[in-house]
Amino acid sequence: MTYQQRSDPSGEGGQMAAGPDTDRLLAAVKLSGVDLRQADILEESERQRAALFDSGIQRDRFLAGRIALRRHAAQVAGTGAGALRADYVCRECARDDHVHGMPRYRAGPSGQTVLASLSRAGDWCLLAATTDEQVLGVGVDLEDSTAAGFEGFGAVALSEREREYLHRVEPALRPAVQTNLWTRKEAVLKALGRGLAVVDPALVDVAGSVPLLPGQVAGTGGPLMAVEPPVGRRKGRPPRWVVDAVDPGSVGLPLSFTAAVALVVKPRS
């Protein structure tokens, strides 16, 4: 499998990665089109989480997203959705319910690991799933194209290098580039199993092909995830990254969306 690292946060041009697994990595689903009667394929604890939502729309979209993600993960793993067992990992709290945090599934009797990611925006969701053992983490983010286009965004959400990058962009294009940077940040953090609720987004620099993160964010002070060593400590080599824009039309999303995908890949032996 061949991975290519990208350095263009504008999202223009290029291929993300080559290989049979990444060909099936992404999918998009309209949440209102998901049959909620399929909720019986979910864990009971997932259905209980859905019941906590006060809003019926939020509850339905949560369930639809979970159903869609499990079905996509099952398709990638080549098994039935009912054969998957949720094994989510949360690095931000001590609660070990296996249904919140970074999505992960165990497939069938062999216990094959399926790493996954989900991002919702309105009535749509973007999904990612992989069984590739070279992948340590996967993250996706989906936003309306104007979501981060407001004035003052850079002061609170961008690193110094990202602000310098944005300053070189034509003013009319800055709102779109800001949203691209935001989706890249979110995708990178999801690939690491971190959340913006506890991580200052300005600490996550995605202006280049390889994200720049301080140790406490990147995970060098603790495990990247339960099944792998800390980032950058495997045989003394740093992990490889794929961080790229997702063409919304290529996965069936409306063109009014901006999306990104991030993969953390094992160091070459």
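Predicted, not measured: the structure shown is a model, and the values here were computed from it.
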Looking only at the side chains, is there a donor atom on one of T146 and D144 sitting less than 3.5 Å from an acceptor on the other? yes
Considering only heavy atoms from C-beta outward, does the side chain of L196 approach that of W182 to under 4.5 Å? yes
Side-chain heavy atoms of C125 within contact of K30, under 4.5 Å: no
Between R70 and E46 (salt bridge meaning N to carboxylate O under 4.0 Å), is one present in this structure? yes
Ion pair present between R66 and E43, side-chain N to carboxylate O less than 4.0 angstrom? no
Just checking, is any N or O donor in the side chain of D97 or S45 under 3.5 Å from an acceptor N or O on the other one? no
Does some side-chain heavy atom of S209 sit less than 4.5 Å from a side-chain heavy atom of W241? no
Has D141 got a side-chain atom pairing as donor or acceptor with E186's backbone, closer than 3.5 angstrom? no
Output every pair passing salt bridge (Lys or Arg N to Asp or Glu O under 4.0 Å) with a member in residues 195-215, not counting sequence neighbours, ordered by first then second residue. R161-D205
Are E160 and R163 within salt-bridge range, i.e. N to O under 4.0 Å? no
With a 4.5 Å heavy-atom cut-off, do P211 and V243 have their side chains touching? yes
Counting only heavy atoms not in E44, do more than 12 sit closer than 6.0 Å to its CD atom? yes
Interatomic spacing from CZ in F153 to CD in E162 - rounded to 0.5 Å: 8.0 Å
Which residue is it: V261, V140, L69? I am looking for the one with a side chain to side chain contact (heavy atoms under 4.5 Å, CB included) to S117. V140
Side chain to side chain contact (heavy atoms under 4.5 Å, CB included) partner of L26, chosen from T130, V246, L127: V246
R91 (side chain) donor-acceptor with G195 (main chain) under 3.5 angstrom: no
Determine the minimum heavy-atom distance between Y105 and A116, stating which atoms define it. CE1-CB, 4.2 Å
Considering residues at least two apart in sequence or located in another chain, which fulfil the ring pair (Phe, Tyr, Trp, His ring centres under 6.0 Å) criterion with F62? F53
Student check: side-chain heavy atoms of R106 and Q112 closer than 4.5 Å: no
Heavy-atom side-chain proximity of V264 to V135 below 4.5 angstrom: no
Interatomic spacing from CG in D35 to CG in L63 - rounded to 0.5 Å: 11.5 Å
Do T113 and R104 have a side chain donor and acceptor closer than 3.5 Å? no
Just by distance, no angles: are the side chains of T179 and T258 close enough, under 3.5 Å, to form a donor-acceptor pair? no
Tell me the closest heavy-atom pair linking K190 and G139, and the distance in Å. CB-CA, 3.8 Å
Quick one: does L166's side chain get under 4.5 Å of E164's, heavy atoms only? no
